[in-house]
Amino acid sequence: MSSPKGAKAAASKSPVSKSPASKSPASKAKAAPRAAAKPAPAAKKAAARKAPSRAKAGDGDPTPAQKAAFLKALAGGVKPNSAALRKLEEKKGGAFAPSPPAPQRKVEVLRRIPAPAPRLETPETKDALRIAALIESGLARGELDKVQPHAQQALAAALCRLYAANHEMGERYPILTAQGAPVTATDVMVMCGALLKAVDLQVFELGMWQSWSSG
Amino acid sequence: MAEQFVGKASEFKDGERQIIRIGEDEIGVFRHAGAFYAYSNFCLHQGGPACEGLTIARVIEPLREDKTSMGLHFHESDMNFVCPWHGYEYDMKTGEHVADRRIKLRKYDVVQKGDEVYVLA
Ligand code: FES
């Protein structure tokens, strides 16, 4: 064991002593064993020279027969649950191992949203569609007087009441669809104006009613 | 990604939807025209329940040769779903916003094995 003084002298010679940390008393004390161990490299070298011969004789390495079996297994394909597979797993760190079952995450059904109600083709629906098609075909041919005004009035009144009754019951659907021949903005204004006039309503009354209700 | 069992295809009617939770993810699973689609239920606008609003056919406006409009029509096969909060409309087949295709809901793959439906999540 060298004295702290001697340690300091030895430390100042070694490359370690150049670091600022080595200036502290603690590091000085630590530097002493390092300095003392300096002659060790020779012994280390000797040990290193011996080491490979020890490694050759190690127990963990496969024997030539095991190696041959391993290569044979590789060439022949790896059978599940075989010793070769286990060996492969060992060698490759499990890279060929069947992936472990994924952790089961719970699927929670929060809501089921049913499909929109299917369109029912009732006999009345079929009749109404037939009448609509008749009117459309007459229009297309320019035959505007085939459906006489009293029939139009009956149709308009019935449709108006049917739509309003459904609306009241919460059955909200668009009165016009984009299918078939387009209804123009002018058509709508003419018809709405006529309907308002028929029940003696002004446009501002319609506006007031709409602002007060959800209609 | 693991297959998560969602339900039986035979119990999942066409046009029906299921909102499911897998871990932290809330997912809308749709069945439309026989096929299954699954998207994140978080709207890209402000996080509304994107998959729980109306399903509505894509609105198209065909033009005549002189470029005048033939009116608005519903597309016969393209279906969209609409976020109920402010109306972001997403394509059922891709999850893309119909007006800006760069905006896209997270899509989950759906696998059908026999009668069983799985979502990869
Ligand atoms: S949050 Fe979906 S549209 Fe605004």
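To find a chain, count down the sequence lines: A is the first, B the second, and so on, and within it residues start at 1. Every heavy atom of this structure was used, including side-chain atoms; hydrogens, water molecules and symmetry mates were not.
Contact annotation: the side chain of Ile20(B) never approaches that of Leu110(A) to less than 4.5 Å [non-hydrogen atoms, C-beta and beyond]. Glu52(B) has its side chain within reach of Ile113(A): a pair of non-hydrogen atoms, C-beta onward, lies under 4.5 Å apart.
The side-chain contact (heavy atoms from CB on, under 4.5 Å) test with Arg112(A) is passed by exactly one of Glu16(B), Lys13(B), Arg17(B): Glu16(B).
Taking a 6.0 Å sphere around CG of Asp200(A), one finds it holds 12 or fewer heavy atoms contributed by other residues, nucleotides or ligands. For Arg161(A), the CZ atom is loosely surrounded, since the number of other residues' heavy atoms within 6.0 Å does not exceed 12. The number of heavy atoms from other shown groups lying within 6.0 Å of CE (Met208(A)) is above 12. Other residues, nucleotides and ligands place no more than 12 heavy atoms under 6.0 Å from the CD atom of Glu168(A).
Of the listed residues (Gln18(B), Arg31(B), Glu26(B)), the greatest number of heavy-atom pairs within a distance under 4.5 Å of chain A belongs to Gln18(B). With respect to chain A, the highest number of heavy-atom pairs below 4.5 Å among Asn41(B), Leu54(B), Ile19(B) belongs to Ile19(B).
The shortest heavy-atom contact between Gly15(B) and Pro116(A) is O-CD, 3.9 Å.
Looking at Ser69(B), there are no atoms closer than 4.5 Å to chain A (heavy atoms on both sides), in backbone or side chain.
Considering CD of Gln4(B) and NZ of Lys106(A), their distance stands at 11.5 Å, rounded to 0.5 Å.
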